[in-house]
Amino acid sequence: MSAQIIDGKAFAGTVREKVAAHVTKLKTDHNITPGLAVVLVGEDPASQVYVRSKGKQTTEVGMKSVEHKLDVETSEADLLAVIDQLNNDDSIHGILVQLPLPKHLNEDLVINSIDPSKDVDGFHISNVGMLSTGQKSMVPCTPLGCLMMLRDHHGSLSGMNAVVIGRSNIVGKPMAQLLLGDSCTVTIAHSRTKDLPEVVRRADIVVAAVGRPEMVPGDWIKEGATVIDVGINRIPAPEKGEGKHRLVGDADFATCSERAGAITPVPGGVGPMTIACLLANTLTACCRANGLEEPEGLTA
Ligand code: NAD
């Protein structure tokens, strides 16, 4: 069997179009422009790339984009003051603090100082609690993107066996909560799981979020299962020239795609969905803040 490729790049484009259309309607009907503020502390090169890309895509869908670039030595008090100002700014509906933060800053404290209704990353303790109790919350972007692709591919996920490999707060745990919310039977596997291949072989849906290049081989995959590959790993690619690299996922694409019914590629699968979902979350936050109907199909 040759798996259907789930094209995350194209899907993300569709999500952005939906967001842009809704933003236009908000402006015309209500004179409201959703605003997203991104706070970056320090000069981590990867973070700078992400922040630039977020800013560009935010303005492309017609939203207001604000960037706060703070010195690497910014004190916790100064960072909290910036967040407080954004919490109280009615033109800002989403606040994202780019992680990781420099070591002298307490990430939990900083994230939990964001107004939960503006926490478009969905990392605030209140949003984590609300997601796990099935209440309306802000949902972390990467798992939300995975859920959207799964719903699009399968329609209903009810009763399916889902195995999430990885238990991080950013991907694994919220992904498991979302799948549970869609009535899957969910197993969370991690570094201490015994007989991982056997656990994964039971899955109708496999979400791999580990960060180990190509660790899931095709013979772990049940025939016809759907594989959502969250991993982004840079590996040497001497075939492209000396010192060159390429990106691979946590699933071994060549062998997994022979057994899976559908699979997300890396790159071009889950990755592009993350920023698209950040925009969707900002729009949702804006609609909620103004007591307006939420956009359909862009939330959990
Ligand atoms: P993390 O390091 O926080 O968590 C990794 C998890 O994998 C841990 O819970 C650990 O228990 C588990 N694990 C480690 N070794 C294992 C093993 N041998 N068997 C089973 N489980 C094992 O990572 P994360 O932040 O959740 O990210 C995971 C991957 O997803 C990374 O490659 C990251 O780059 C990628 N990622 C992609 C996006 C995106 O937008 N596509 C977003 C976030 C993370």
Side-chain angles (χ1 to χ4, degrees), residues 5-13 15-16 38 44-47 49-54 57 96-101 107-108 111 120-123 128 131 138-150 162-179 186-203 206-217 219-221 227-235 245-253 256 263-281:
I5 307 297
I6 299 177
D7 186 344
K9 201 172 164 201
F11 199 108
V15 171
R16 283 195 303 271
V38 176
D44 176 67
S47 294
V49 173
Y50 288 138
V51 168
R52 243 197 321 276
S53 184
K54 284 167 186 168
Q57 293 192 35
L96 180 149
V97 176
Q98 186 65 44
L99 301 178
L101 288 172
E107 264 180 21
D108 287 338
I111 295 304
V120 280
D121 250 344
F123 297 158
V128 176
L131 175 61
M138 281 287 134
V139 175
C141 304
T142 301
L144 178 59
C146 296
L147 183 75
M148 281 185 191
M149 290 193 286
L150 283 166
V163 172
V164 179
I165 319 175
R167 57 174 159 182
S168 72
N169 291 335
I170 292 173
V171 189
K173 283 185 204 154
M175 186 73 247
Q177 291 291 358
L178 288 173
L179 291 165
V186 183
T187 303
I188 306 178
H190 47 78
S191 52
R192 304 290 172 89
T193 296
K194 288 195 178 130
D195 205 356
L196 184 60
E198 272 316 304
V199 172
V200 176
R201 277 185 197 116
R202 293 200 296 266
V206 181
V207 180
V210 182
R212 292 170 72 110
E214 300 172 322
M215 74 164 271
V216 178
D219 69 357
W220 291 12
I221 302 299
V227 177
I228 304 291
D229 193 350
V230 183
I232 301 177
N233 309 290
R234 254 165 68 90
I235 61 165
H245 288 81
R246 66 188 175 98
L247 291 183
V248 296
D250 290 344
D252 176 37
F253 186 83
C256 285
I263 186 167
T264 59
V266 177
V270 176
M273 286 296 288
T274 298
I275 298 185
C277 287
L278 172 67
L279 305 175
N281 276 351

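All ligand and atom numbering here is 1-based and tracks the order in the structure.
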Does [X] come within less than 4.0 angstrom of ligand 1, counting non-hydrogen atoms of the residue?
X	result
Met215	yes
Ala189	no
Thr193	no
Gly271	yes

State the atoms of ligand 1, each with its element, that fall below the 4.0 Å cut-off from a heavy-atom position in [X].
X	answer
Ile165	20 (C), 21 (N)
Gly211	28 (C), 29 (C), 31 (C), 32 (O)
Leu196	19 (N), 20 (C)
His190	11 (O), 19 (N), 20 (C), 21 (N), 22 (C)
Arg212	15 (N), 18 (N)

Quick one: does [X]'s side chain get under 4.5 Å of [Y]'s, heavy atoms only?
X	Y	value
Trp220	Leu196	yes
Leu178	Leu131	yes
Val200	Ile221	yes
Leu99	Ile111	yes
Val139	Gln177	no
Arg167	Ser191	yes
Thr142	Cys277	no

Students should be able to answer this: which protein heavy-atom is nearest to [atom], and at what distance?
atom	value
atom 12 (C) of ligand 1	Gly166 CA, 3.9 Å
atom 11 (O) of ligand 1	Ser191 N, 3.3 Å
atom 33 (C) of ligand 1	Ile232 N, 4.2 Å
atom 1 (P) of ligand 1	Ser168 CB, 4.1 Å
atom 13 (N) of ligand 1	Val210 CG1, 3.5 Å
atom 39 (C) of ligand 1	Thr274 OG1, 3.6 Å
atom 9 (O) of ligand 1	Arg167 N, 2.8 Å
atom 44 (C) of ligand 1	Val171 CG2, 3.9 Å

* How far apart are the closest heavy atoms of Pro265 and Phe253, and which atoms are they? ->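 Closest approach of Pro265 to Phe253: CA-CE1, 3.9 Å.
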* Structure fact -> All heavy atoms of Arg212 vs all of Asp250, minimum pair found to be N-OD1, 3.0 Å
* **Winner among Val230, Thr142, Val270 once heavy atoms are compared against atom 35 (C) of ligand 1** => Val230
* Residues that Arg246 engages under salt bridge (Lys or Arg N to Asp or Glu O under 4.0 Å), provided they are two or more places apart -> Glu239
* Show your reasoning for whether side chain to side chain contact (heavy atoms under 4.5 Å, CB included) applies to Gln57 and Arg52. => CA-CA 9 Å; Gln57 293 192 35; Arg52 243 197 321 276; over 6 Å; no
